[in-house]
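Note on naming: letters A, B, ... go to the chains in the order of the sequence lines (proteins, then strands), and numbering restarts at 1 for each one.
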Protein chains: 2
Amino acid sequence: MQSRRPAARTGRPRSAAADAAILAATREALVELGWSKLTLSDVATRAGVAKTTLYRRWAGKNELVVDAVAELFDELELPDRGSLAADIEGVVLQFAAILDRPEAKSGLMAVVAESTRDDALRARIRTSIVDRQKRLVMEGRVRAQKRGELPGDNDPAQAARSADLIFDMVAGAVVHRTLVSARPADEAWVRDLTRLLVLGLAGAARAS
Amino acid sequence: MQSRRPAARTGRPRSAAADAAILAATREALVELGWSKLTLSDVATRAGVAKTTLYRRWAGKNELVVDAVAELFDELELPDRGSLAADIEGVVLQFAAILDRPEAKSGLMAVVAESTRDDALRARIRTSIVDRQKRLVMEGRVRAQKRGELPGDNDPAQAARSADLIFDMVAGAVVHRTLVSARPADEAWVRDLTRLLVLGLAGAARAS
DNA sequence: GGAGTTACGCTACGACCCGTAGCGAAAGCG
DNA sequence: CGCTTTCGCTACGGGTCGTAGCGTAACTCC
């Protein structure tokens, strides 16, 4: 992740296995203890490394949890299901499944809360997690345009704003449904969400 | 809030001024320190009360912050602006203004994160904060139906599902925009959001 | 193979916060 | 005035934090 290491060819290299063990231990601790009761000492013990090793690689609890949670979103992808609605439903269900895991719930929201007072942390969240999802929105948009389901980008600025809006609405809705309303983002709910969204987009295209 | 006190007529009554001072001190500490660095000892000092007084009234940091943040949402209301779109824009802008305050940002998301592992805390959040907003959605819906902008509830179960969906989409979008995307939920953005939503609802009404 | 460099495990440390207990004083009520 | 509850204060053991220091391990370059 923080591979800004131009040519550190000398000395003992850092153990990649330790990285993986630490991140896995962090997720395990998130499941068992939650954010507030998670301690770096405990994570170090679980991972089988010394506490000092942990502090050499991460600045603190926030950064560690961001990286640990970010790995969960690596599996997100956007298979072509033939229509805009089907594409949205597919990726939203994937996102909901990830967010339903306890380590994602407690970890992600906690670091987002902390990021309100830490710009560097927010940037880390954005590059490690958020942008990866936003890329899917852009892909889905281009696909829908090629299918003729959405109009082309005659105004690039407007298109970017629209993509940001859709992203905030979809991701925000899933998060709110899962964490605040505490009800499952299942297929029926996702279908309703998608229907409302696609109808809105179609209406916007027609009105403009 | 926790006024489950049938008839405590005897003994020295609890100071209502202390309650207010503690909650105000909590919000002040949230602004200056954020969630993770907020300590109950510090809040007690700010409020001018003893630490033990704090523990007599709240079980812990989570419950205290929920009550402190909940007061911020008391000012939410839904003035009649003449149309569904205008009503939505008005209440969303209010919600966004509250959520833009630092004590709301850091406090609310932190307790939501903690609530993933604490059912009692989630219930407290729901009754103190969420349900108060949801009531506005219901009111706006009824108003729009009276104006003829939305169809009546021929299926009550479907209507409830729809209200839940709208609530999750709107509240989630504002939260995501403010906290994750870290961009202002200003009038232009709210207008785009409302437009998409109203078009989607109109399309759903037409399609059904 | 030796020298240099970096990572690692381990221990120890002061600082801080937690949550509770005990005490005497204060503020209500009958 | 007695009774009851709250309040401020002090003190406490227990836990976590983040860092420093040390000897050892791993790897590279000469």
Side-chain angles (χ1 to χ4, degrees), chain A residues 1-26 29-30 32-65 67 110-111 114 117-118 120-121, chain B residues 1-26 28-30 32-65 110-111 114 117-118 120-121:
Chain A
M1 303 301 166
Q2 68 276 28
S3 58
R4 184 160 35 89
R5 192 167 302 280
R9 299 189 310 271
T10 178
R12 175 177 176 176
R14 286 191 174 173
S15 165
D19 261 0
I22 290 170
L23 293 176
T26 303
L30 274 176
E32 294 184 16
L33 305 173
W35 162 266
S36 61
K37 293 184 180 175
L38 178 147
T39 71
L40 294 196
S41 304
D42 181 71
V43 170
T45 304
R46 288 174 191 266
V49 301
K51 189 173 60 167
T52 46
T53 298
L54 243 160
Y55 278 100
R56 287 193 192 96
R57 305 190 185 196
W58 285 276
K61 190 168 158 177
N62 292 335
E63 290 77 8
L64 173 62
V65 171
D67 287 2
V111 293
E114 289 301 308
R117 306 190 43 79
D118 186 340
L121 183 63
Chain B
M1 305 298 166
Q2 68 276 30
S3 57
R4 185 159 35 89
R5 191 166 302 280
R9 299 187 312 272
T10 179
R12 175 177 176 175
R14 286 192 174 171
S15 163
D19 261 0
I22 290 170
L23 293 176
T26 303
E28 185 184 315
L30 274 177
E32 293 184 17
L33 305 173
W35 161 266
S36 61
K37 293 184 180 176
L38 179 147
T39 70
L40 294 197
S41 304
D42 182 71
V43 170
T45 304
R46 288 173 190 266
V49 301
K51 188 173 61 167
T52 45
T53 298
L54 243 161
Y55 279 100
R56 287 192 192 98
R57 305 188 184 198
W58 284 277
K61 190 168 159 177
N62 292 335
E63 291 77 9
L64 173 62
V65 171
V111 293
E114 289 300 308
R117 305 191 45 79
D118 186 340
L121 184 63

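Minimum interatomic distance between B:L121 and B:E63 (heavy atoms only, all atoms of both residues): CD1-N, 4.3 Å. The minimum heavy-atom distance linking B:R46 with B:E32 is given by the pair NH2-OE1, 3.0 Å. Here the closest heavy-atom approach between residue B:A21 and residue B:A47 is recorded as O-CB, 3.7 Å. Across B:L38 and B:T26, no two heavy atoms sit closer than the pair CD1-O, 3.8 Å.
Considering only heavy atoms from C-beta on, B:L64 stays 4.5 Å or farther from B:Y55 through its side chain.
Rounded to an integer number of Å, the gap from B:R14 CZ to D:dT4 C1' is 14 Å. Going from atom CG of A:L54 over to atom C1' of C:dC8 covers 12 Å, rounded to whole Å. Atom C1' of nucleotide C:dG19 and atom CG of B:L64 are separated by 15 Å, given to the nearest angstrom. Atom CD1 in A:I22 sits roughly 13 Å away from atom C1' in C:dG9 (whole-Å rounding).
The NZ atom of B:K61 sits 5.0 Å away from the CH2 atom of B:W35 when rounded to the nearest 0.5 Å. With values rounded to the nearest 0.5 angstrom, A:W58 atom CH2 is found 10.5 Å from A:L40 atom CG. Put simply, CZ on B:R57 and CG on B:D19 are 4.5 Å apart, with the number rounded to the nearest 0.5 Å.
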Give me, pair by pair, the N or O atoms of the protein and of nucleotides 15-18 of chain D that are less than 3.5 Å apart, along with how far apart they are.
{"unit_1": "D:dC17", "atom_1": "OP1", "unit_2": "A:L40", "atom_2": "N", "d": "3.4"}
{"unit_1": "D:dC17", "atom_1": "OP2", "unit_2": "A:S41", "atom_2": "OG", "d": "3.3"}
{"unit_1": "D:dG18", "atom_1": "OP2", "unit_2": "A:Y55", "atom_2": "OH", "d": "2.8"}
{"unit_1": "D:dG18", "atom_1": "N7", "unit_2": "A:K51", "atom_2": "NZ", "d": "3.3"}
{"unit_1": "D:dG18", "atom_1": "O6", "unit_2": "A:K51", "atom_2": "NZ", "d": "3.0"}

remark   = With sugar-phosphate taken as primed atoms, P, OP1 and OP2 and all else as base, the protein-contact string of nucleotides 20-29 of chain D at under 4.0 Å (heavy atoms; B, S, -) is B----BBBSS
